[in-house]
Structure formats: structure tokens, C-alpha cells
A.B. asks: 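Dropping a structure here in C-alpha cells format, bear with me for questions.
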Amino acid sequence: MAISYKGLWKTLIDQDINKTQLKEQAGVSANVIAKLGKDQPVSMESLIKIGEALNVDIGDIVSIKSENRK
């Protein structure tokens, strides 16, 4: 499985928020932001904090794709 945070980056653009502002508003660490940038897994707690800070659902910011799909 592959994780994609494309929805998160699109939401940040739509809301005119940068990664530093997201880190501060959501109360997550720089390490979490770095992992998101590399499409690496982060904790559900971090995703919930980000979703609440952006006023979106988790499904709006993260997607999971099967490696068999193209």
C-alpha cells in the first residue's frame, strides 16, 4: 500500500496556509510535517489534529492506494 497526502497539499493551497502555519495551528511536530512530505505514515492522532485545524475530514487529506492499482 502507498499513502498519499496530495489532498492535504491541495487543502493547504486552497486555504493559503504553509507548512509552518499548519505545524503551529495543528500542534504537530516538524517531524510529522517532514513525514507527510515524504508520504510516510503518521499517527492517527496527528491526522486528526491536522483535520481539525483545517476543518476537514481525514479522507480529505490522506488516501491509501493499492500498489496493484495504477
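Quick caveat: nothing in here was measured; it's all calculated off a predicted structure.
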A.B. asks: Measuring from Lys23:NZ to Lys19:NZ, what's the distance to the nearest 0.5 Å?
C.D. replies: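 Taking NZ in Lys23 and NZ in Lys19, the distance rounds to 13.0 Å.
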A.B. asks: For Asn18, enumerate each residue passing the side chain to side chain donor-acceptor pair (under 3.5 Å) test, keeping only those at least two apart in sequence or located in another chain.
C.D. replies: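 None.
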A.B. asks: Applying side-chain contact (heavy atoms from CB on, under 4.5 Å), name anything that partners Ile3, two or more places apart in sequence or on another chain.
C.D. replies: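 Counting only residues at least two positions away or on another chain, Ile3 forms a side-chain contact (heavy atoms from CB on, under 4.5 Å) with Tyr5, Pro41, Val62.
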A.B. asks: Sequence neighbours left out, what passes side-chain contact (heavy atoms from CB on, under 4.5 Å) with Ile17? Give chain and number order.
C.D. replies: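 Applying side-chain contact (heavy atoms from CB on, under 4.5 Å) to Ile17 gives Leu12, Gln15, Gln21, Leu22, Gln25, Leu54.
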A.B. asks: For Ser43, which residues count as a side chain to side chain donor-acceptor pair (under 3.5 Å) partner, sequence neighbours excluded?
C.D. replies: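 Ser46.
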A.B. asks: Check the hydrophobic clustering (I, L, V, M, F, W, Y; side-chain heavy atoms under 4.5 Å; chains of links allowed) and say if Met44 and Ile50 are grouped together.
C.D. replies: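 Hydrophobic grouping puts Met44 with Ile50.
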A.B. asks: Can you confirm whether Asp14 is buried at CG, in the sense that more than 12 heavy atoms of other residues, nucleotides or ligands lie under 6.0 Å from that atom?
C.D. replies: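 Atom CG in Asp14 is packed in, count exceeds 12.
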A.B. asks: Roughly how far, to the nearest 0.5 Å, is the CH2 atom of Trp9 from the CG atom of Leu36?
C.D. replies: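 CH2 of Trp9 is found 5.0 Å from CG of Leu36.
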A.B. asks: CD1/Ile33 to NZ/Lys38 distance, rounded to the nearest 0.5 angstrom?
C.D. replies: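 Nearest 0.5 Å value for the CD1-NZ distance: 13.0 Å.
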A.B. asks: Quick one: side chain to side chain donor-acceptor pair (under 3.5 Å) partners of Thr11, sequence neighbours excluded?
C.D. replies: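 With neighbours one apart ignored, the set is empty.
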A.B. asks: Got a sec: does the CG of Asn55 have more than 12 other heavy atoms crowding it under 6.0 Å?
C.D. replies: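 Atom CG in Asn55 is not packed in, count stays at 12 or less.
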A.B. asks: So, using side-chain contact (heavy atoms from CB on, under 4.5 Å) as the criterion, who are the partners of Lys6 when residues are at least two apart?
C.D. replies: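 Scan of Lys6 (side-chain contact (heavy atoms from CB on, under 4.5 Å), adjacent residues dropped) gives Ser4.
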